[in-house]
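Residue numbers start from 1 in every chain, and the chains themselves are labelled A, B, ... in the order their sequence lines are given, proteins ahead of strands. Scope of the values below: all heavy atoms of this structure, side chains included, with no hydrogens, waters or symmetry mates.
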There are 4 protein chains.
Amino acid sequence: MSTAPSRRSEKARQAILEAAFGLCVERGLAATTIEAIAARAGVAKTTIYRWWPSKAAILLEVVEVRRSADGGYPDTGDIMADLATQTANVTRLFETELGAIWRGLIAAAQTEDIAAEGVRRILRGAIDECVARLAKARDAGQIREDLDLEIAVELIYGPIYHTWLLGTRAMSPPFMDSVLDALRPSLQPPPSCGVGPPPVAG
Amino acid sequence: MSTAPSRRSEKARQAILEAAFGLCVERGLAATTIEAIAARAGVAKTTIYRWWPSKAAILLEVVEVRRSADGGYPDTGDIMADLATQTANVTRLFETELGAIWRGLIAAAQTEDIAAEGVRRILRGAIDECVARLAKARDAGQIREDLDLEIAVELIYGPIYHTWLLGTRAMSPPFMDSVLDALRPSLQPPPSCGVGPPPVAG
Amino acid sequence: MSTAPSRRSEKARQAILEAAFGLCVERGLAATTIEAIAARAGVAKTTIYRWWPSKAAILLEVVEVRRSADGGYPDTGDIMADLATQTANVTRLFETELGAIWRGLIAAAQTEDIAAEGVRRILRGAIDECVARLAKARDAGQIREDLDLEIAVELIYGPIYHTWLLGTRAMSPPFMDSVLDALRPSLQPPPSCGVGPPPVAG
Amino acid sequence: MSTAPSRRSEKARQAILEAAFGLCVERGLAATTIEAIAARAGVAKTTIYRWWPSKAAILLEVVEVRRSADGGYPDTGDIMADLATQTANVTRLFETELGAIWRGLIAAAQTEDIAAEGVRRILRGAIDECVARLAKARDAGQIREDLDLEIAVELIYGPIYHTWLLGTRAMSPPFMDSVLDALRPSLQPPPSCGVGPPPVAG
DNA sequence: TCCTAAACGAGACGGTACGTCCTGTCTTAGT
DNA sequence: ACTAAGACAGGACGTACCGTCTCGTTTAGGA
């Protein structure tokens, strides 16, 4: 979220990212103003406007920095278990401070192009990771051959975002278990009808 | 979205709803201000604040009024066909002016309680209709017995909202076909393994 | 400096004029900002911008209000004495707080049309008063018949403003006495050359 | 308006003076910023701040450079004619681009010490020239013996600046003729009452 | 039919934040 | 060593809306 012509003050950048994060945690992204970020960071407004085109851009950078500390997609060899782990991680993350910011960015993305692009970019990375894991699982015979993996990602994460963003229900861990259980027939290869080994067992 | 003590001017109410709708169509909900609505409606700001607590409340009323003109959930007896019809309707609606407003309301709902409640209220109705249709289909043996129907709704609409709100892909009709195809094993009863016809006649 | 549609808050107007005056006294017109005026007056910036087009306009109103408390041009019957009195008053006024503001307005008038018009308007009144007094003196035979009275005003006040604005010398009372003394031959009717009564004595 | 430690880039100095002059001509001194001067001169702001303490200082240097191209005070032997010539030159100059800059510097001088000192310095030279010419005229019997020549300068230039800076009237050549005509009795020696020719031959 | 209380239009008000502009200082590279 | 370039903290600008608050002026019902 910025070009970096070496002349730039890294100290100011850090202060801005931290101030923005702190303010969003305290009052939410929508109630966080650029003036307040500048004030808390001990920085001039101009310094912010010089490097970021909007409030959303700052927070996108915050999210990216923090997200890059993640490990990759879980891989125990058992795709259903890994999906359960990962979706549980996601739902847990959504309840944290970072989740609140992410929610605000998604809201902003409905209006601002900058936010929309940023959100898409971040999601693209996450989706690609998930698709890669699913591809590996498919090679291991754990996922139906005929399933478009991008669609699979929508099936898995669609219900999470639907629930989370629209507040149609509480987003408890049992909920995600139910979703994955329900999706199992769509994800896994069909049973070979009595004879032959069960789908997962080696 | 208002008490209605008979003294209220119906003319003003209509003018406000129309002005609000028109402005949102032209510039989006976020860029629509109460001052602009008042100006276009030829109404005092006070009149708006008297009857609606926020911009979102006005638009929620607009959406409800327009939505009430809908027919109910399609019911041809074939649940998969009806789901295809209905999801196609929804995705088509999302591309219209009303869809843009709905998108703005969902964004507002991430921040404002009023918007959140309104969105939930409207969605509740839609979900209940869908659940009712699914229940009927289950009774007709078209839906797995062990499927929680509220979860089923999430499986079906989650991908739509995920795609639409997060912009992860274009939201074409073939996309929804793929989603429903992929979901088929999870929605329909399992084949009876050899005996009896397969679920989709062929 | 403002239309007055009765809805206007007289309290705010007074507070603004007083705050503006006070701040100009303390830091000078140039260093007085509209934000500071608003803050000191306990008023929103918008309220100032609603009624005055610029800082200069506010101070022009201050000057006019205060100036209207003046008595008219002195008139003892002796024009030279009255000119001495009046120019002494003016030079004294120039050293006061109001004088400092007037100086600032004249500076502003070199740039802004609003200030220029206001300054001209105020000066027009003062000049007209002086011309009227001179006309009366001319009728009394104390001023040369062939002297254009508007020019006379320039002769009298030109040196005052020249000295004051350009800082070419200290502007002491003796200075103005010298100026008036030097101007005497230009203002008064020529002596009737030995025979006849002296110019002023009845 | 600068120390000159030999290391200084004469090219930069010229570029700055020209840029400053050009910008003042185009938009006026008040609207000319140091940033704009630096940009047009192709020079860093630092370079300007190193050598001049303020915008006014730059323009004072511009004015002094251009003014030094003047010839001295006119001297035909006839003081009234020379005054007419010189005041006409001045009023003509005031309408030029340099006049506009001079006007801006006088405005600045009401606020800034640097500008005030510069304006005084420049005026001091002009006044001294005029006083010298008047002294010569007095020796030639063309100016009253008892007239303080510094006061005489105020009488002559006061009306010009009064008119020019305060905009009380158009500053046409006939205006200056009227002023000098009106001042004649104050400047010239009194007629010797009967014997000898009247001051203006006729 | 009149009276009265509400709802209404109009818009001033105190505020907050916006994004821009310029100030004068400072830091970093490049001659 | 001086320069060009430009980042930086600071602060005022004038604008746009916010939501609240009088103002008279309709206007609709109950007396």
Rounded to whole angstroms, how far apart are CZ on C/R8 and P on E/dC13? 7 Å
Nearest whole Å is fine: how far is E/dC13 P from C/E10 CD? 11 Å
Rounded to whole Å, the CD1-C1' distance (C/I114 to F/dG14) equals 13 Å
Under 4.0 Å between a side-chain N or O of D/R50 and OP1 or OP2 of F/dT3? yes
Is A/S9 near enough to F/dA7 that one of its side-chain N or O atoms lies under 4.0 angstrom from OP1 or OP2? no
Measure from the side-chain N and O atoms of B/Q110 to the backbone N and O of B/I106, and report whether any donor-acceptor pair falls under 3.5 Å. yes
When rounded to whole Å, the CD1 to C1' distance for the pair B/I48 and E/dA7 reads 14 Å
Any side-chain N or O of A/W51 under 4.0 Å from OP1/OP2 of F/dA7? no
Answer yes or no: is there a side-chain heavy-atom contact under 4.5 Å between C/R50 and C/R8? no
Flag side-chain contact, heavy atom, 4.5 Å: B/W52 against B/I16: yes
Distance in angstrom units between C/E112 CD and F/dC13 P, rounded: 12 Å
What's the closest nucleotide to the side chain of C/A44 if the choices are E/dG15, E/dA12, F/dG10? E/dG15
Between F/dT15, F/dT27, E/dG11, which one does the side chain of C/Y49 approach most closely? F/dT15
5' precedence on DNA chain F between D/E35 and D/G42 (nearest-nucleotide basis): D/G42
Give the residues of residues 18-31 of chain D touching DNA chain F, defined as any heavy atom closer than 4.0 Å, sorted by residue number. none
On DNA chain E, nearest-nucleotide positions of C/A41 versus A/T33: which is more 5'? C/A41
Rounded to the nearest angstrom, tell me the gap between atom CZ in C/R7 and atom C1' in F/dT22. 6 Å
One thing to verify: whether D/E10 and D/R13 come together as a salt bridge, which I'm taking to mean a side-chain N less than 4.0 angstrom from a carboxylate O. yes
F/dT3 phosphate, OP1 or OP2, under 4.0 Å from D/T46 side-chain N/O: no
How many whole angstroms separate atom NZ of C/K55 from atom C1' of F/dG11? 14 Å
How many Å lie between CD1 on C/I34 and P on F/dG11, as a whole number? 18 Å
Want to settle it: does C/A36 or D/K45 sit nearer the 5' end of DNA chain F, counting the closest nucleotide to each? D/K45
Does the side chain of B/R40 come within less than 4.5 Å of B/E18's, by heavy atoms? no
Side-chain heavy atoms of D/R121 within contact of D/E64, under 4.5 Å: yes
Using modelled atom types only, decide if a donor and an acceptor are shared between the side chain of A/K55 and the backbone of A/L29 within a distance under 3.5 Å. yes
